[in-house]
Amino acid sequence: MAASLTTSVVFHVPTLGLSEYYHTRIHISRFSEFLSSDITSNSWSAKRKVVSSCRNSRSTRLDRDVPKVSIAYGSVLNEHPMWDDGEEDVDDVSMASSLVSENRLQFLEERDEKNLSWRLLKLSRADKVRSALELYASMDFMGLRPESHAFNALLSCLLRKEELDDALQVFESMRSSGRTSGHSYNLILQGVAKARGFEAAFQMFQELIDDKEETIKADQVLFNMMLTLCRDEKDWIKSEWIWRKMKENDCVGNSVTYRLLVTMFLGFCQYGLAVEAYLEMVQNEVEPDTRTMEAAVMSFVKDGRWDFALSVFRDMMKRKENPNIIVFNALIHSLGNNGQVNLAFKVYDCMRCLGHVPTSYTWNALLIALCRADQYSDALELFEKIQQESPSELGLHLYNTALTACNKLGSWRRGLQILWEMEDLGLEIPVTSYCRVIGACEVGNEPKVALQVYQHMVHKKHNPDTLTLLSLIRSCIWGSLYDEVHEILKLVPPNAHLYNAAVQGFCLREKTESATKLYQEMRELGLSADHKTRAMMLQFLPKI
């Protein structure tokens with residue numbers, strides 16, 4: 001046992017030009033245990049070790065000339081390269097699988113932790129991996145602990161050289177000595193995420209949060225870094241978990257925190273969470289940036305809170321910021337849908353003053369706002385203005401919105417013009433467009449025109465839907481085209497809604513025989529009559 005603890009130590013003193021061999025007893029079990037820590041791909045931590053205290057002694061600065069002494073175990077070691085001013089060749093460092101085979105202890109004449117930490121900091125910043133590790137191992141052997149700043153510099157150096165296993169050993173030593181900080185966890189978590197994936201880093205972060213002694217070291221920067229990793233992985237669920245843990249630790253986020261949260265939740269359609277995060281930011285008196293406020297406007301709009309969205313927009317105007325065109329369009333659309341026409345046009349005027357060019361989405365939002373406010377004539381005037389000033393922005397949605405205004409006003413001539421213009425442009429006209437034109441003919445009491453539009457639609461191989469047929473039947477009945485009604489019912493599949501509308505129309509026109517005939521045919525087909533149809537038939541049956 002004594003022989004195993006005795007090793008040959010070589011003191012090489014170049015100033016004297018001689019080397020002498022001495023035998024001394026050196027207890028290396030603690031350092032060997034540290035160097036032989038097993039770091040596997042499924043484990044990021046090493047066993048904690050008890051660090052013996054050592055009395056620090058003040059000495060001279062490292063930059064002055066001192067005898068350069070090195071110690072090697074079991075072999076002769078030349079002067080250590082860390083004392084040279086030239087660059088170090090570290091190409092072979094990556095070939096080492098552990099610190100045991102590559103690192104050798106140095107005889108440390110300097111025992112002041114502050115000076116040694118400065119030396120370790122310089123080596124780490126110069127990316128001299130082997131020299132930094134040997135100096136660190138020698139300090140650990142002597143019971144000396146580098147300062148946290150030097151620790152973090154060594155971690156950064158190891159991670160830059162993709163030496164994750166060595167970095168984890170150093171990090172475990174930092175934890176055992178209680179010198180870790182939020183920046184230390186930030187560095188190691190980024191390294192683990194890069195080398196072993198996001199899940200491994202998140203598991204390590206969970207262990208940090210669950211440790212009551214270590215969780216107090218989690219600061220804003222660390223939480224923001226984890227939120228950034230969650231954003232890159234597109235995992236909003238873990239982002240919410242991190243956010244909740246952040247509040248449990250009484251850690252108030254900054255503008256970066258809330259920008260990550262609001263934009264992340266908005267991107268995954270979690271509008272309620274985005275709104276909650278923004279309101280929390282306002283409550284904590286954190287000043288939002290432009291991107292956060294734009295995301296907040298979009299979140300309020302999607303969540304149906306147009307008044308909050310308008311409030312955030314006004315704050316942006318007070319700060320003389322210029323939101324993007326998407327924010328303007330969303331806010332105009334939200335105001336229009338909620339009947340706030342004047343506010344919608346004020347936002348539009350503001351958009352033009354800031355130099356934005358309206359898009360087809362902008363025009364459609366304004367047209368919808370006018371239609372929701374029953375200002376159909378103004379909607380058609382605006383559509384004509386768009387045709388003159390921005391013909392390139394005309395699209396299917398704009399045409400259909402204009403046809404809706406024609407339908408409500410009964411402007412069947414204008415509706416036909418718009419329909420023919422759509423066909424001339426080669427647009428893929430849906431059935432709803434024909435339905436709106438037929439509805440305009442119904443309101444304008446032009447059943448023959450409605451029938452012609454229907455025949456044209458069938459000729460274009462469009463299958464009419466129930467709403468189109470209902471509008472056509474009503475138009476034909478009020479236009480006294482009774483035979484055409486029977487013809488339509490024979491050409492389309494049996495439909496209870498169509499028969500109910502036809503029976504009710506005939507009853508209102510006092511065509512009791514036709515109503516009775518259709519009612520009996522309806523029962524033979526097994527179609528159910530609604531309450532209004534039954535009430536009318538009971539009223540007219542005694543007259544038959």
For the residue pair Phe328 and Tyr348, is the inter-centroid distance of their aromatic rings smaller than 6.0 Å? no
Any salt bridge (charged side-chain N to carboxylate O under 4.0 Å, His left out) pairs touching residues 412-440, not counting sequence neighbours? Glu384-Arg414
With sequence neighbours excluded, what pairs up with Arg160 under the salt bridge (charged side-chain N to carboxylate O under 4.0 Å, His left out) test? Asp127
Is the backbone N or O of Lys212 less than 3.5 Å from a side-chain atom of Thr215, with the two atoms forming a donor-acceptor pair by type? no
Is there a salt bridge (Lys or Arg N to Asp or Glu O under 4.0 Å) between Glu487 and Lys490? Walk through the geometry before answering. CA-CA 5 Å; Glu487 192 69 22; Lys490 291 179 181 179; 5.3 Å; no
Take atom NE2 of His497 as the centre, draw a 6.0 Å sphere, and report whether it contains more than 12 heavy atoms from other residues, nucleotides or ligands. no
Straight-line distance of Gln504 CD to Met536 CE, nearest 0.5 Å: 5.5 Å
Scan residues 445-474 for pairs that pass salt bridge (charged side-chain N to carboxylate O under 4.0 Å, His left out), counting only residues two or more places apart or in two chains. Glu442-Arg474
Which is it for Arg244 and Glu240 under the salt bridge (Lys or Arg N to Asp or Glu O under 4.0 Å) test, yes or no, and what are the steps along the way? CA-CA 6 Å; Arg244 304 301 183 192; Glu240 182 185 5; 3.3 Å; yes
Determine, step by step, whether Glu280 and Lys247 satisfy the salt bridge (Lys or Arg N to Asp or Glu O under 4.0 Å) criterion, reporting the C-alpha distance in whole Å, the side-chain angles of both residues, the deciding distance to 0.1 Å, and the verdict. CA-CA 11 Å; Glu280 179 184 303; Lys247 291 194 291 186; 3.3 Å; yes
What distance do Arg291 atom CZ and Glu321 atom CD have between them, rounded to the nearest 0.5 Å? 14.0 Å
Are there over 12 heavy-atom neighbours, none belonging to Lys238, within less than 6.0 Å of that residue's NZ? yes
Answer yes or no: are there more than 12 heavy-atom neighbours, outside His397 itself, under 6.0 Å from its atom NE2? no
For residues Thr263 and Ala295, report the shortest heavy-atom separation together with the two atoms involved. CG2-CB, 4.0 Å
CA sep, side-chain torsions, deciding dist, call: His333, Asn329, side chain to side chain donor-acceptor pair (under 3.5 Å): CA-CA 6 Å; His333 184 73; Asn329 290 341; over 6 Å; no
Does the Lys NZ or Arg CZ of Lys217 fall within the cation-pi geometry relative to Tyr185 - under 6.0 Å from the ring centre and within 45° of the axis? no
